[in-house]
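Here the structure comes first, spelled out in structure tokens, and everything after it is commentary.
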Amino acid sequence: QTVLTANIEPATTWVRNFNPFNQTSARQSTLDFIYEPLVVFNRFDSNKPVYRLAESFKLSDDLKSIEFKLRSDLKWSDGKPLTAADVKFTYDYLKKFPALDFVSIWTFVTDIKAVDGQTVRFTLANPSSLAAEQISQLPIVPEHVWKDVADPVTFANETPVGSGPLTEVPRFTGQTYDQCRNPHYWDNAHLKVDCMRFPQLADNNQILTATADGTLDWGVSFIPDIDNVYVSKDPAHFHYWYSPSSMVAFLFNLETANENNKKAFNDLKFRRAVSMALDRKTMIEVAGYGYPTLNEDPGLMGELYKSWADPSVKADFGKFATYDADAAKALLDEAGYKDKDGDGFRDNPDGSKISFSIIVPNSWTDWVDTVNIAVEGIQAVGLDAKIETPEEAVWTGNLINGTFDAAINSLPASASPYYPYKRAFSASDKGKTRFTAQRWFNPEVEKLVTEFTHTADLAKQKDAMNKAQRIVAENMPMIPVFNNPNWYQYNTKRFSGWSTKENPFVNPSISRTNPARLLNLLALEPVK
Amino acid sequence: MKTLLQNRKALVGLVIIAFIVLVAIAAPLLTQYDPAARTGRPHQPPSLDHILGTTRIGQDVFARLIYGARTSLAVGFGAGLLITLVGTALGIISGYRGGKTDEIISFFTNMVLVVPNLPLLLVLAAFIGQASPLVIALILGATSWAWGARVTRAETLSVKQKDFVKSAEMMGEPQWRIMTFEIFPNVISIVGINFIGSVIFAIITEATLEFLGLGDPRAISWGTMLYNAQKASALSVGAWWDILTPCFALAFLGIGMSLLNFAVDEIANPRLRTGNHLKRWSLLVRSGEGRL
Amino acid sequence: MAFLLRRLVFYMAAFIAAATINFFLPRLMPGDPVQIMFSSAGTELPPESLQALKLTFGFVDGPLWQQYLTYLGSIFTGDLGRSIKYFPLPVTSVLGNALIWTVGLMGTATIVSFAIGTFLGIVAAWRRGSTFDVIVSVGAIFATSVPAVVTSLIVLFIFGFTLGWFPNGYAADPSLDPAFSLQYIGSLAYHGILPMVTLCTVLIGGFTVTMRNNMINLLGEDYIVMARAKGLSDRHVMLWYAARNALLPTVSSLAIAIGTILGGSLVTEVVYNYPGLGNILYQAILARDYPVIQGQLLIMTATMLIANFIVDVSYVLLDPRLKGA
Amino acid sequence: MTQPLLSVRNLTIDYIGEEKDFRAVNDVSFDVAPGEVFGLAGESGCGKSTIAFAISRLHKPPALIRKESRILLDGRDVLGLNRQALSAFRWREVAMVFQSAMNSLNPVLRIETQFYDMLRTHKGMSRTEARERTAEMLTLVDIAPDRMRDYPHQFSGGMRQRIVIAICMALNPKLVVMDEPTTALDVVVQREILQRINELRRSFGFSVLFITHDLGLMVQFCDRIGIMLSGQLVEQNTAEAIYRTPKHDYTKKLWASFPSLRGGVLL
Amino acid sequence: MTDAILALDTVTKTFGHGFGAVHAARAISFSLHAGRALALVGESGSGKTTCARMAMREYLPTSGRILYKGRPVEAAKSAEIARYRRSVQMIFQDPFASLNPAHTIAHHLRRPLKLHRPEIKGAEIDAAIRELLRRVRLDPDLVAPKYPHELSGGQRQRINIARALAVKPEVIVADEPTSMLDVSVRLGVLNLLNEMKQEMNLGLLYITHDIATARYVAEDIAVMYAGQIVEWGSVAKVIDNPLHPYTRLLLSAVPDPEVRFDDPKARLRPDEVEDIRRRSAVPRDDIVEFEQDHFMRMI
Ligand SMILES: Nc1ncnc2c1ncn2[C@@H]1O[C@H](COP(=O)(O)OP(=O)(O)OP(=O)(O)O)[C@@H](O)[C@H]1O
Ligand SMILES: Nc1ncnc2c1ncn2[C@@H]1O[C@H](COP(=O)(O)OP(=O)(O)OP(=O)(O)O)[C@@H](O)[C@H]1O
Ligand SMILES: [Mg+2]
Ligand SMILES: [Mg+2]
Ligand code: NI
């Protein structure tokens, strides 16, 4: 029996909860490993679909409906067949219990039909080229089990019946649990790992110990000074690869209640100057241990979506997203931001005072450090910036409600820049999520973003994206600084076949936001 | 004061505290570094440039240590004063007035005593959010007076029985005068012990709250030093200077305060004293000068 | 009896008061628990399902008094709701699991340090002024003055990291199943040693000092002199006359010490990642897990109250002077 | 005079201080004959209790009995006894009633137990034997034996004092030291107790070293009296002589400070 | 005899109620006259202090009246209470506990002057303090700046007396003022009290369990037992010719160097003692006047 040990989430104790719809406290190994997606899109390979439960899908030409065809030999882990009826059941179920619908799929689809035993057809609310991706995010659950669950929101699904590779849980304690091979898994031929073991690791110290002594094969943790603390312990086998992930950016609340600050924030030159005052490299080196990836793209593409980036945008506006304190000062001088009252800080051209705090959650130390470095830079160009460290919940609330001046924020990584653009610049989301915190909306951008989904033609999509990123870069609503790393450590002592920097065939992060982790697992083989 | 200086424990304790206070006051003279600024490479071991090394983001540990002493001392003494003030006032009032007043105050005192303090503080600090050292001092003052109130009350009860209080009452002295001029001077040693104990408690608790991440991470104090060091896994990455420095500082200050505490205890209760005379005694016995 | 009855009434009142504070505190907390719950889970939920979830979790703003009454009712039925962080575990089982560890760790540490501390205090007081006394007194000063955080970090640094003798986490080897086997119990002990040593170091000084002071105060009593004059052996006088009587006030200080012990064990558990109540509370606070926080404070208060009551009872049992009262 | 039971020679006791020593007893010598009641009188702080403690070797640091001191009981050198001998010597040879006998019973032990531990130590008695002896002794001091299972706080001050006396008598000691045994009691009770001691003394024949500052009482009770003044024994004589013909000025002054029941001051 | 300054009129004090009630004082009546001392004697717990405290208005009687110059003080208004407070002063038993260790002697004397003698101002206060100290035979220069612990017991008791005198009282209640003092200084304090009584025409309530000193300072005596006054009258008559068995018992137990214990005459019989105690404790309200100025409660 081959057992692969992985660290998937920090926890003080494991709670046996495999409810795939529960996004807060279900074990993170539930999706993908127990409930296999219909299709996995490989972001590291041009977002190509890798067919899992579905053997194909077909988007109608008008992009208004999509049909998935399931594999014919699918079985649930208890041996019962998995059919289109289960898919339909699942979606109907989500409609009945909206709290389970963690991607709001029912605002996206309007109807589902089981065409035959193997085929389901979704009717979409609006034409969308991204239908397959959207729909594949949700797990499919067995009707014969779930139809009897009285309250699926509080249901812990302790002995899951699933469709994925690892559905059996032979051992579960507060400190460790194993998830083992599904005897009825359709793709068992490719699966070389019999079990995955998840030890409970509560904090950095424990994770470090488990990582450094080689207990872990696959890790998702932040490890300080990794070359020293980890790799050097066994350079032949211990590796890591930090590819870019979610984007971290500073932003100003363009609708802040502070009138003086608001004047400055709404001035593009001011935003550009602040952006140029940010020493991004130091942030990465010092606050981020060198792990993050520099992001100097005012169009927000960065390394993560580099295939979508329009080089001309970077050429035109890139300098505004690059550290250059002198240029920042010059720009501020030029725009009339001078110290009028002699307090050592620049004021608005009309003489009113500018003074703002950048909010950052108090327990996110690397961000706190990042903001500290930002504040140093901003103060160095003569602006009165401070750091404020509220509780995480308060920070989130402030971002949502717009009760702040400036902040550091992040946009999660996705398959294409469509998602961050959609989330950050949809006027309808204002006051609902923290991604619209800057409160910068542009009808043109929104139109282009919608256009993006209305075509399946890559060239057209690119075109829309090019236009959108130019507008964003020009206006600089967000000031990107870096992309967080995809945390990924791997140990080649017991397993080979990992996705690596040299052979980046798939996003290897084991975190649950990455369905492609399934592909990495299937690629692994025990070392003889 | 004289008795205090004659007591060796007190002397050592005072010297320690005076040393820390001096260092805190003279902080700007002792280091050229800004405790908040990055002044070096991250996690540099101690060297001539940075005598206690640097933190995770390159701040000078020594600068943080000596500036942090200010916070620790201020919170310790501020909260200690507050705790003592509230505790003493309530203790004397409830002990002296007796009756309904006593019942009500005692009820609250006992209530506060049976609610576990640190967990409560933790929750309070979390609810207040980003508790600055000042806020920590305030909530400490608000929640930790009960022990002092209880012992002061007990002591007041016994002082109250003394004839000089009776005599003042018969003399027609107003109550507030009896409490402040007749009773207070006679419970002063309890108040002293309470004060020093509260200071120790406040210093430790502030550090603990901050260590647990419930303080303001920007504050420069020993607690946040611990917190940041722990967050940066200083132990695991071998940056011992980052974490051991505030540890030892806290222990040092704690020992100083404790010594003082014990000394005051001994002064208040002469039976506890083990002075020089016992040494002289054993010397005499050993030299055959006498016996028991 | 009347005395105990009065105490009992007080404890009931105190409990209800604590429960009330407990109810109102989280409601004053800034930040939306559902929000933090999801942001800490690393997921960004669409606003629509967020609303639906809020409803399911019962985060609706009914009239406060109504919520309060329901809450009081639920306390007495022992239903403390479900944890958010460890959803869908009921709070009682989250705390129940942790309680075992805390009681194990804290209980043992308390007993051990009480026994050792008391013993040291007795002997130090008996041999007042001797080298032993000096060493014990100074040691006690050191032990009491160093914060639990510092002690645990230093102990962890030395024995966990530098020397690597002991594990720096867990309550037992995760690969073992809980069982009454020698191996499992051995593993428990092995993992418990560092937190235990830390806790003991933190606690022992206090017990020593209390006992020593009580003893010294007692040694001046006439009945001790009389016992010596009766020709009783030193040991008999020390244990049956001095120590036995000095233990009474020490026992009452134990009740108050429970608060300190809870605090100390909280820190220790956090530093050593021991899965006890303290750690759970800490995590719950970070995750804004209201139900757990509330349940936790309630349990801790109840523990304190029960401890106090036990002390009251034992006081009455131990001191014949109180029996008639 | 026959050979004295207790012979105190050049007793000098210091309390060692931080810098200076305090001489509490200064070169005191006196004898107590078998069966005799010897009284020590003097003002508070003159060193009476210090002498009493020295006889049973009960002092603790910082008290220091200077090397020239001798205490002989029945010819045996008390100051030379080793720990075991001392343990056996205490109570069996010299028993003691303390200044505040009210507090000299352990409040948390039953009366019975406080008899028993002593009887077991000295006589190796079993519980039942000890109980018998306890009953016997309690009867002797007019306390119902069935109260031996009570705790000290259940008795009045006078009764407690009598219990202590009963404990004293239990081993038939040769000498009973009584350090102001009745100061805290009122006259009637005081009289009852002393009377009882007097009777017991007659029947058992032990000697008594009696300490008080009530000279009148002392003359009533003692055979011989020593007057102490700040650590020194300034006069010793028969009770009669001390009363009728005091020699030392201090003794006279003491007498002068007692108002008489019959009006005016004595003398 | 002059009119009484202060009189207790069938005063009763009960502590607690129901089963555990303590009847500390039962139908107590006595009066204090200017220039005369009344000694209250009795064994410990007989209720002497309780009577004193009622006289001081520290306790309010359960029943009965306290008359000040013929008028009941229970219902008195606060101004009158203040006047009453001033005219009745107390000297405590324990000279060590009755002075606040935190204040100087001068302070102890200054407070009553400031509170009750507003006519004395500024520098006059110091003069008054010196005068008071001289009155009680203490050297003002030496004593005034000292703290209580620097004085001997006898000196302290003198300070107490001085303090009581400071407000120019009419009555002084002294609760065992010498029982904590060394024999050698006792008499000095008693003499002082005697002198003050005569010089300032004070009424003195002298509480003691030492009958001999009662005779020394008092003109009248009341013997208390179990909360009742069992016998009272002029000191000489009561002591020389005791009637009540309890008084006799008390007198016979007083140490008397003339009578040795071995003397069978002196012997108290325990059973008799018990019997007297038992009988004397029974509450009775029939009183006989045996001779002029000599009363006894029937038994
Ligand atoms: N432990 C001690 N340390 C120092 N001095 C002491 C100690 N015990 C007693 N003394 C001093 O020794 C002297 C004699 O004390 P002792 O108790 O023998 O007096 P006493 O004659 O028994 O007085 P009293 O009548 O008050 O009992 C006193 O002046 C006292 O202050
Ligand atoms: N505050 C009180 N509460 C309850 N009982 C009291 C109180 N004060 C006195 N007593 C009781 O009343 C009785 C009389 O007490 P009191 O103090 O008047 O006696 P005393 O004659 O002054 O005795 P002593 O000579 O010991 O001072 C005693 O039984 C005492 O226990
Ligand atoms: Mg004595
Ligand atoms: Mg009295
Ligand atoms: Ni009862």
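In this structure the side chain of D:Leu105 never reaches within 4.5 angstrom of the side chain of C:Tyr223, judged on heavy atoms. In this structure, the side chains of D:Asp117 and C:Trp240 stay at 4.5 Å or more apart for every pair of heavy atoms. The shortest side-chain heavy-atom distance between D:Arg90 and C:Lys230 does not fall under the 4.5 Å cut-off. For the pair C:Arg244/D:Leu109, a side-chain contact is recorded, criterion being any heavy-atom separation below 4.5 Å from C-beta on.
Rounding to the nearest 0.5 angstrom, the gap separating the CD1 atom in C:Ile224 from the CG atom in D:Asn103 is 12.0 Å. If you take CD on D:Gln114 and OH on C:Tyr241, they are separated by 4.5 Å, rounding to the nearest 0.5 Å.
Taking D:Val94, D:Thr113, D:Leu86, D:Asn106 one by one and counting their heavy-atom pairs under 4.5 Å with chain C, the maximum is reached by D:Asn106. Ranking D:Pro107, D:Ala95, D:Ser87 against chain C, the residue ahead of the rest is D:Pro107, based on heavy-atom pairs under 4.5 Å.
Taking every heavy atom of both residues into account, D:Phe98 and C:Ala229 meet most closely at CZ-CB, 4.0 Å.
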C:Met226 and D:Val97: side-chain contact (heavy atoms from CB on, under 4.5 Å), yes or no, with the steps?
-> CA-CA 8 Å; C:Met226 163 118 170; D:Val97 184; over 6 Å; no
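The environment of D:Phe204 atom CZ is dense: over 12 non-hydrogen atoms of other residues, nucleotides or ligands sit within 6.0 angstrom. Surrounding CZ of C:Phe142 are at most 12 heavy atoms belonging to other residues, nucleotides or ligands under 6.0 Å away.
Inspection of non-hydrogen atoms places D:Phe53, D:Arg57, D:Leu58, D:His59, D:Lys60 of residues 51-64 of chain D under 4.5 Å from chain C. Contact residues of residues 119-129 of chain D toward chain C are D:Arg120, D:Thr121, D:His122 (heavy-atom distance under 4.5 Å).
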